[in-house]
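Step one of this worksheet: look at the structure below.
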Amino acid sequence: MWEAIRNRQIGGVKFYRQAPLIVTDRGDTGFYIVDFYSHECRLAIELDGKIHRSRREYDRWLSEIIRQYDIRIERWTNKMILEQLPVVVKQLSRIVEEQRR
């Protein structure tokens, strides 16, 4: 995935990998690492592997917190990245264009 999105390959947008986000929920401040993030279009990307099957509630909660900061979050499974990367890149290109409007 990184090879497909680095160096402004998607819509000319800069993505950072393993990007830290600092968010506050009910007065508690947390430091979270998202797999990829673009500040330019306020988009976080998470790649979900097997570990995420056991932490769906946590992932849902974190996604909601991130959205409260007007950051869109998109999730794809590792399997989809490995088996259908061109499809994911096409979807991501559309999302980037939407976010830049």
Exercise. With the 4.5 Å side-chain cut-off for hydrophobic clustering, are Val13 and Leu85 part of the same group?
Worked result: yes

For this session: Using the six-membered ring wherever Trp is involved, compare the ring planes of Phe36 and Trp2 and label them parallel, tilted or perpendicular (cut-offs 30° and 60°).
Result: parallel

Exercise. Any link between Tyr16 and Val34 through a network of hydrophobic side chains (Ile, Leu, Val, Met, Phe, Trp, Tyr) touching at under 4.5 Å?
Worked result: no

Problem set entry | In one Ile/Leu/Val/Met/Phe/Trp/Tyr side-chain cluster, 4.5 Å: Met80, Leu82 | no

For this session: State, yes or no, whether a side-chain contact exists between Ile71 and Arg67 at a heavy-atom distance under 4.5 Å.
Result: no

For this session: Establish, from distance only, whether the side-chain atoms of Gln84 and Trp76 form a donor-acceptor pair under 3.5 Å.
Result: no

For this session: Run the numbers on Glu98 and Arg100 for salt bridge (Lys or Arg N to Asp or Glu O under 4.0 Å), then give the verdict.
Result: CA-CA 6 Å; Glu98 288 173 15; Arg100 294 181 82 189; over 6 Å; no

Problem set entry | Check against side chain to side chain contact (heavy atoms under 4.5 Å, CB included), Val23 and Thr29 | CA-CA 6 Å; Val23 297; Thr29 299; over 6 Å; no

For this session: Could you go through the side chain to side chain contact (heavy atoms under 4.5 Å, CB included) check for Tyr37 and Ile45 one step at a time?
Result: CA-CA 6 Å; Tyr37 179 70; Ile45 298 171; over 6 Å; no

Exercise. Would you say the side chain of Arg42 lies within less than 4.5 Å of the side chain of Arg72, judging by non-hydrogen atoms?
Worked result: no

Exercise. Does OH in Tyr69 sit with more than 12 non-hydrogen atoms of other residues, nucleotides or ligands closer than 6.0 Å?
Worked result: yes

Problem set entry | Check: Glu40 side chain, Lys14 main-chain N or O, donor-acceptor pair, under 3.5 Å | yes

For this session: Report yes or no: does Asp35 contribute a side-chain atom to a donor-acceptor pair with the main-chain N or O of Gln18 at less than 3.5 Å?
Result: no

For this session: Determine whether Thr77 and Leu47 make a side-chain contact, defined as any pair of heavy atoms from C-beta on separated by less than 4.5 Å.
Result: no

Exercise. With a 4.5 Å limit on heavy-atom distance, are the side chains of Asp59 and Glu46 in contact?
Worked result: no

Exercise. Does any pair with a residue in residues 81-97 pass salt bridge (charged side-chain N to carboxylate O under 4.0 Å, His left out), and if so which ones, sequence neighbours excluded?
Worked result: none

For this session: Starting from the C-alpha separation in whole Å, work towards a yes-or-no answer on side chain to side chain contact (heavy atoms under 4.5 Å, CB included) for Leu43 and Glu74.
Result: CA-CA 8 Å; Leu43 175 63; Glu74 292 293 327; 3.9 Å; yes

Exercise. Hey, quick one: are Met1 and Val87 part of the same hydrophobic cluster, counting side-chain heavy atoms closer than 4.5 Å, chains of contacts allowed?
Worked result: yes

For this session: With side chain to side chain contact (heavy atoms under 4.5 Å, CB included) as the test, would you mind laying out the steps for Asn78 and Asp48 before giving the verdict?
Result: CA-CA 6 Å; Asn78 287 350; Asp48 292 346; 5.9 Å; no

Exercise. Going by heavy atoms in the side chains, are Val88 and Ile81 under 4.5 Å from each other?
Worked result: yes

For this session: With rounding to the nearest 0.5 Å, note down the distance linking CD1 in Ile5 to CZ in Phe15.
Result: 5.0 Å

Exercise. Can you name the ring-ring contact (aromatic ring centres under 6.0 Å, His included) partners of Phe31, sequence neighbours left out?
Worked result: none

Problem set entry | For the student: nearest non-hydrogen atoms of Gln9 and Glu3, plus distance | NE2-O, 2.7 Å

Exercise. Of all heavy-atom pairs between Gly11 and Val96, which one has the smallest distance, and what is that distance?
Worked result: CA-CG1, 4.4 Å

